Amino acid sequence: MPESRSRFETVAVHAGAERDATGAIAPPLHLSTNFEHGPAGERLHDDLYIRLSNPTQRRLETALAAIDGGESALVFASGVAAGAACLQALPPGSHVLFADDLFYGFRALAPVFLPRWNIEWSAVNMTDLGAVRDALPPETRLVWAETPSNPLMKITDLASLADIAHACGAKLMVDATFPTPALLRPLDLGADLTLHSMTKYLGGHSDVQGGALIVERVDDLYTRMLQVRTLLGAVAAPFASWLVHRGIRTLRARMHAHSENAHAVARALESHPQVLDVLYPGLASHPGHAIAARQMSDFGGMLSFRVKGGRARAINTASRVRLFINAGSLGGPESLIQHAASVMHPADGIPDDLLRVSVGLENPGDLIGDLEQALG
Ligand SMILES: *Cc1c(COP(=O)(O)O)cnc(C)c1O
């Protein structure tokens with residue numbers, strides 16, 4: 001939908017922010033847990049009980065569906081809860097194909113819970129479309145991609161992946177937490193669902209947790225995901241919904257600033273003598289650059305880089321930063337750095353000279369100066 005893409009900022013500012021009877025310009029926050037009904041349970045209003053639905057959550061869901069170009073959206077207590085709800089909603093006996101560098105929370109969940117839910121799974125390098133085709137048994141119901149991936153910044157060709165998934169009767173879900181709908185709209189490229197950790201850029205200020213699933217179309221899977229949320233209860237609190245909705249209204253401007261800063265940092269690192277490699281899809285040297293340039297409107301605020309001198313130099317660099325903060329998570333205004341191999345599972349194949357960076361909204365010259373002094 002190129003037309004709605006060109007109007008993204010307008011949609012993001014206004015969707016779900018319609019004025020109520022008070023005329024308030026900022027969308028209201030309703031904390032009420034319950035809503036009046038008639039003496040025989042007659043429905044008088046849209047909502048009955050907070051776990052089922054509530055007005056603040058509905059405003060956020062309206063905004064999410066609008067910015068992602070989907071028919072509907074479901075929000076959850078966290079990104080992991082949203083992904084788990086999708087997996088739990090699949091028919092028992094389904095096979096799920098994950099990307100091999102899937103977000104580590106889902107990689108941790110899969111061996112523990114998927115056997116209990118009677119779901120088979122396997123993982124493949126999704127930058128290799130031939131390998132994807134060879135990894136799809138007939139029971140496959142879901143192909144789960146993530147692009148750019150964490151922390152290796154791999155780029156997956158979503159339009160091709162959607163064709164491959166659909167040819168075997170599976171749906172394509174894309175975890176688009178890194179790019180957000182401001183930079184990548186998987187549903188426009190043929191995906192059936194998108195997943196967001198709203199804890200990251202959608203909230204955007206490192207102060208709220210949440211997750212969302214946006215569906216291209218309301219169907220059986222959507223109905224079952226809603227049932228999982230209602231009956232198992234991993235719902236978002238109204239205040240969390242309100243904060244994320246507030247974040248969405250400035251999302252486009254923030255994502256452009258994050259992208260501009262990350263690009264500047266990536267270019268500076270690429271020419272630094274102590275840097276071995278820079279993994280940023282905006283650089284022409286990145287193996288996924290051409291696909292990223294085609295399917296994303298900008299390259300985002302996340303990058304990784306490898307230093308010369310191995311693990312010791314990587315940790316030394318992380319210990320010398322003054323402006324960057326050593327922390328996990330991402331997507332806030334402050335720039336973060338993390339020695340990925342120290343915090344992820346050793347089996348994840350993350351090089352021990354790799355530093356992952358969430359580039360914030362500070363002045364890019366200050367960020368580059370800090371990394372240059374830290375690299376020595
Ligand atoms: C953080 C993250 C998640 C999980 O979200 P939570 O809100 O932490 O549960 C999922 N996918 C990606 C890519 C993430 O970065």
Side-chain angles (χ1 to χ4, degrees), residues 60 64 68 73-88 96 98-110 112-113 123 126 142-156 158 172-184 186 191 193-214 225 228-229 232-237 239-241 243-244 247-248 251 255 258 262 279 281 292 296 299-304 327-332 336-338 340 343-345 348 350 356-360:
L60 171 59
L64 285 164
D68 235 343
L74 292 169
V75 300
F76 293 83
S78 67
V80 164
C86 177
L87 293 167
Q88 285 176 294
V96 178
F98 291 120
D100 57 354
D101 59 346
L102 174 74
F103 170 72
Y104 55 86
F106 296 121
R107 240 174 312 147
L109 166 163
V112 180
F113 288 102
M126 288 197 183
L142 188 68
V143 174
W144 179 312
E146 182 184 323
T147 184
S149 70
N150 175 31
L152 296 177
M153 304 300 296
K154 284 200 233 164
I155 299 294
T156 309
L158 296 181
L172 173 63
M173 177 163 80
V174 180
D175 181 341
T177 297
F178 272 30
T180 83
L183 307 184
L184 175 70
L193 303 105
T194 54
L195 167 74
H196 299 293
S197 168
M198 307 191 297
T199 316
K200 317 296 169 51
Y201 288 108
L202 293 182
H205 295 76
S206 314
D207 56 10
V208 59
Q209 183 179 35
L213 294 165
I214 293 86
M225 296 188 305
V228 170
R229 185 180 73 177
L232 301 185
V235 293
F239 188 47
S241 295
L243 282 173
V244 174
I248 285 174
L251 180 66
M255 290 313 293
H258 282 293
L279 311 180
M296 297 170 73
F299 302 101
M302 295 301 296
L303 64 87
S304 295
S329 198
L330 59 118
L336 308 176
I337 192 163
Q338 187 169 49
V343 295
M344 292 182 179
H345 197 269
D348 291 346
I350 307 300
R356 188 191 83 156
V357 170
S358 172
V359 181

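We count residues from 1, following the sequence as given. For clarity, every value in this text was computed on a predicted model and none was experimentally measured. All heavy atoms count here, side chains included; hydrogens, waters and symmetry mates do not. Start at 1 and go down the list; that is how both ligands and their atoms are numbered.
Across Ala81 and Ala234, no two heavy atoms sit closer than the pair CB-CB, 3.8 Å. Between Gly328 and Gln338, the closest heavy-atom pair is CA-NE2, 3.3 Å.
Residues passing the salt bridge (Lys or Arg N to Asp or Glu O under 4.0 Å) test with Arg229, sequence neighbours excluded: Glu61. Considering only residues two or more places apart in sequence or on other chains, Ser149 meets the side chain to side chain donor-acceptor pair (under 3.5 Å) condition with Asp101. Every residue two or more places apart in sequence or in another chain that forms a side chain to side chain contact (heavy atoms under 4.5 Å, CB included) with Gln209 is listed here: Ser78, Thr199.
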Any protein N or O within less than 3.5 Å of an N or O in ligand 1? List each pair with its distance, or say none.
{"unit_1": "ligand 1", "atom_1": "5 (O)", "unit_2": "Ser197", "atom_2": "OG", "d": "3.0"}
{"unit_1": "ligand 1", "atom_1": "7 (O)", "unit_2": "Gly79", "atom_2": "N", "d": "2.9"}
{"unit_1": "ligand 1", "atom_1": "7 (O)", "unit_2": "Ser197", "atom_2": "OG", "d": "2.8"}
{"unit_1": "ligand 1", "atom_1": "7 (O)", "unit_2": "Thr199", "atom_2": "OG1", "d": "2.7"}
{"unit_1": "ligand 1", "atom_1": "9 (O)", "unit_2": "Gly79", "atom_2": "N", "d": "3.0"}
{"unit_1": "ligand 1", "atom_1": "9 (O)", "unit_2": "Val80", "atom_2": "N", "d": "2.8"}
{"unit_1": "ligand 1", "atom_1": "11 (N)", "unit_2": "Asp175", "atom_2": "OD2", "d": "2.6"}
{"unit_1": "ligand 1", "atom_1": "15 (O)", "unit_2": "Lys200", "atom_2": "NZ", "d": "2.8"}

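Here CG of Leu213 is found 10.5 Å from CG of Asp68. Values are rounded to the nearest 0.5 Å.
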